[in-house]
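Each remark here refers to the structure printed beneath this line.
In what follows, chains carry the letters A, B, and so on, assigned in the order in which the sequence lines appear, proteins first and then strands, with residues in each chain numbered from 1.
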Amino acid sequence: MGAHLARRYITETDTEPDPKKKFEFGPQVGLPDRNEREMVATQEQMNLAQLPVEQRDYCAHHLLKLMKCKRDNWPAFLSCKHERHDWDYCQNQDYLMRMKEYERERRLQLRKKRLAVQPEAA
Amino acid sequence: MAGVVGFQRWVRALTRARVAGMPALLSASRAASGPSKGMLPGPYPNTPEERAAAAKKYNMRVEDYEPHPDNGEGFGDYPKLPDRSQHERDPWYSWDHPDLRRNWGEPMHWNFDMFIRNRVDTSPTVVPWHTACKHLFGFIGFMLFMFYVGEQFPAYQAVGPKQYPYNNLYLERGGDPDKQPEEVKNYEI
């Protein structure tokens with residue numbers, strides 16, 4: 001928690017990735033067999049539900065299920081805990097994937113620096 | 001209707017004075033409720049006798065009396081009193097006018113209406129003025145400097161950008177449906 005800031009500004013200023021800039025390494029570098037992320041909700045479904053743009057991510061199908069549950073069960077607002085948990089879990093997994101992407105980029109940058117140093121040393 | 005009649009009678013009284021033009025409309029006699037001629041301010045005092053007379057007129061000691069400088073501003077012999085507001089006067093003394101903190105007959109400052117207790121306050125600050133200024137501007141300067149540092153070295157979460165489907169929501173963000181969008185593929189990790 002915050003170690004990345006110390007790395008970015010003090011110790012490893014050249015390798016720590018900047019989240020505002022585009023990441024340098026493509027998605028397949030070092031990971032040849034990657035599965036594509038599946039999008040379950042279609043654009044038409046999201047349009048009909050009038051979802052805001054920020055919520056049209058890879059967890060939108062859970063959100064649509066949750067919205068339907070809430071509308072069906074109103075005024076029993078405590079009845080959709082299972083659907084809400086599914087959506088929250090999906091969002092959590094998405095955030096973990098973002099953290100892993102950042103870490104992957106950081107390690108690839110360190111590796112690039114190590115390889116640049118090696119031929120000079122060799 | 002009565003106001004009009006009274007006005008007419010006033011005009012007739014003035015014209016009976018047989019003075020022509022504008023002065024006919026301005027009455028030469030003053031009401032008895034105002035100050036007498038000797039109590040009104042006069043011209044700048046040049047001789048010591050005039051100064052003594054002016055000091056006596058304003059109920060001041062000759063040593064204390066100091067007229068405003070005679071530089072054409074029109075103060076005459078009115079005394080120049082220190083610019084201290086009524087806040088600085090003793091609140092526990094039994095003044096004749098407790099609200100104004102003034103005794104009857106006391107010489108009034110030129111800007112007395114400004115120095116009443118509802119308005120300008122010249123009482124000394126709790127902390128010396130330059131110290132207070134240093135503290136305030138030092139703090140503000142420090143905060144501005146820290147905000148600048150925060151802009152140069154922002155704090156962020158160590159996460160990559162959020163991934164959206166359908167070529168980063170090309171159509172939902174107002175992209176042209178006829179053009180081919182840039183291909184964006186997202187993978188699991």
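Connection of F25(A) to I189(B) is not established within any shared hydrophobic cluster, with ILVMFWY side chains joined at heavy-atom distances below 4.5 Å, either directly or through further cluster members. A continuous path of Ile, Leu, Val, Met, Phe, Trp and Tyr side chains, each step under 4.5 Å between heavy atoms, connects W110(B) with M108(B), placing both in one hydrophobic cluster. No path of Ile, Leu, Val, Met, Phe, Trp and Tyr side chains, each step under 4.5 Å between heavy atoms, connects M143(B) with Y148(B), placing them in separate hydrophobic clusters. Under a hydrophobic-cluster definition in which Ile, Leu, Val, Met, Phe, Trp and Tyr are linked whenever side-chain heavy atoms come within less than 4.5 Å, directly or via other members, W104(B) and W95(B) are assigned to different clusters. A continuous path of Ile, Leu, Val, Met, Phe, Trp and Tyr side chains, each step under 4.5 Å between heavy atoms, connects V149(B) with F147(B), placing both in one hydrophobic cluster.
No side-chain donor-acceptor contact under 3.5 Å links Y102(A) and Q157(B). With hydrogens and angles left out, the side-chain atoms of Y156(B) and D18(A) include no donor and acceptor closer than 3.5 Å.
For K185(B), the NZ atom is loosely surrounded, since the number of other residues' heavy atoms within 6.0 Å does not exceed 12. Residue-environment remark: CZ (R7(A)) exceeds the threshold of 12 foreign heavy atoms within 6.0 Å. Shown here is K65(A), whose NZ atom has no more than 12 heavy atoms of other residues, nucleotides or ligands within 6.0 Å. Other residues, nucleotides and ligands contribute only 12 or fewer heavy atoms inside 6.0 Å of the CG atom of D33(A). Atom CZ of R173(B) has more than 12 neighbouring heavy atoms from other residues, nucleotides or ligands inside a 6.0 Å radius. Crowding of E44(A) atom CD: a count of heavy atoms from other residues, nucleotides or ligands under 6.0 Å not exceeding 12.
The two atoms that bring M39(A) and P165(B) nearest to each other are SD-CG, 3.4 Å, heavy atoms only. Listed here is the closest heavy atom pair of P19(A) and V159(B): CB-O, 4.1 Å. Heavy-atom minimum distance, Y166(B) versus T42(A): OH-CA, 3.3 Å. Of all the heavy atoms in V53(A) and Y164(B), the pair that sits closest is O-CE2, 3.9 Å.
Between the side chain of R37(A) and the main chain of N186(B), no donor-acceptor pair closer than 3.5 Å is present. For the pair Y9(A) (side chain) and P154(B) (backbone), a donor-acceptor distance under 3.5 Å is present.
Heavy atoms of A41(A) lying under 4.5 Å from chain B belong exclusively to its backbone. With a 4.5 angstrom heavy-atom cutoff, K20(A) touches chain B only via side-chain atoms. Of the atoms belonging to L169(B), it is side-chain heavy atoms, and not backbone ones, that fall under 4.5 Å from chain A. Of the atoms belonging to E54(A), heavy atoms from both backbone and side chain fall under 4.5 Å from chain B. Of the two parts of R104(A), only the side chain, counted from C-beta on, holds a non-hydrogen atom closer than 4.5 Å to a non-hydrogen atom of chain B. Using a 4.5 Å cut-off between heavy atoms, Q43(A) touches chain B through backbone and side chain atoms alike.
The closest side-chain heavy-atom distance from Y187(B) to N35(A) is not below 4.5 Å.
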For this session: Using the side-chain contact (heavy atoms from CB on, under 4.5 Å) rule, take Q163(B) and M97(A) through it: C-alpha gap first, then chi angles, then the decisive distance, then the call.
Result: CA-CA 10 Å; Q163(B) 293 169 339; M97(A) 280 195 244; 5.5 Å; no
Problem set entry | salt bridge (charged side-chain N to carboxylate O under 4.0 Å, His left out) between R34(A) and E188(B), intermediate numbers included | CA-CA 7 Å; R34(A) 276 180 92 167; E188(B) 288 178 351; over 6 Å; no
